[in-house]
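Presented below is the structure to which this report refers.
Numbers here are sequence positions counted from 1.
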Amino acid sequence: MSRKIKPVSFNKVSEYDSKLLAYAESKERGNFSQYVKRLIDADMNKTPMYVPAAVVPEPTDEDAEAMSGFL
């Protein structure tokens, strides 16, 4: 196989994760895979990407608890 697939998990119960997923899947972002690749490329090249601050919400206590196992 010439491709490597890397799944990304979003917690449907978390309002934070749900908003991130909705944003990433919006028509303005285009194809999800290409959007993620552009984010990685921007990070690698230290190129700022336009992401309106109002779109990415601050994590809630619920989100912090859900993410505690990863920190």
Side-chain angles (χ1 to χ4, degrees):
M1 180 179 218
S2 62
R3 293 190 171 268
K4 181 158 186 137
I5 298 171
K6 302 292 287 185
V8 178
S9 172
F10 293 90
N11 181 346
K12 292 180 182 181
V13 176
S14 166
E15 182 180 342
Y16 178 73
D17 277 15
S18 295
K19 286 181 181 180
L20 290 177
L21 180 59
Y23 182 80
E25 291 183 326
S26 67
K27 290 181 183 178
E28 295 82 25
R29 303 286 133 330
N31 176 286
F32 181 82
S33 178
Q34 289 298 324
Y35 178 61
V36 171
K37 291 173 188 175
R38 287 192 307 267
L39 287 173
I40 294 168
D41 182 64
D43 186 39
M44 285 174 41
N45 295 303
K46 306 298 182 222
T47 306
M49 287 199 60
Y50 174 71
V51 178
V55 175
V56 181
E58 289 296 319
T60 65
D61 290 339
E62 177 186 306
D63 296 321
E65 184 178 324
M67 294 186 296
S68 66
F70 297 101
L71 303 175

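- For Ser26, the side chain to side chain contact (heavy atoms under 4.5 Å, CB included) partners two or more places apart in sequence, or in a different chain, are Glu28, Arg29.
- Annotation: side-chain hydrogen bond (donor to acceptor under 3.5 Å, both in side chains) contacts of Asn31 (sequence neighbours excluded): none.
- Every residue meeting the side chain to side chain contact (heavy atoms under 4.5 Å, CB included) condition with Asn11, not counting sequence neighbours, appears here in chain and number order: Val13, Ser14, Asp17, Ala66.
- Taking CD of Gln34 as the reference point, atom CG of Leu39 lies at 11.5 Å (rounded to 0.5 Å).
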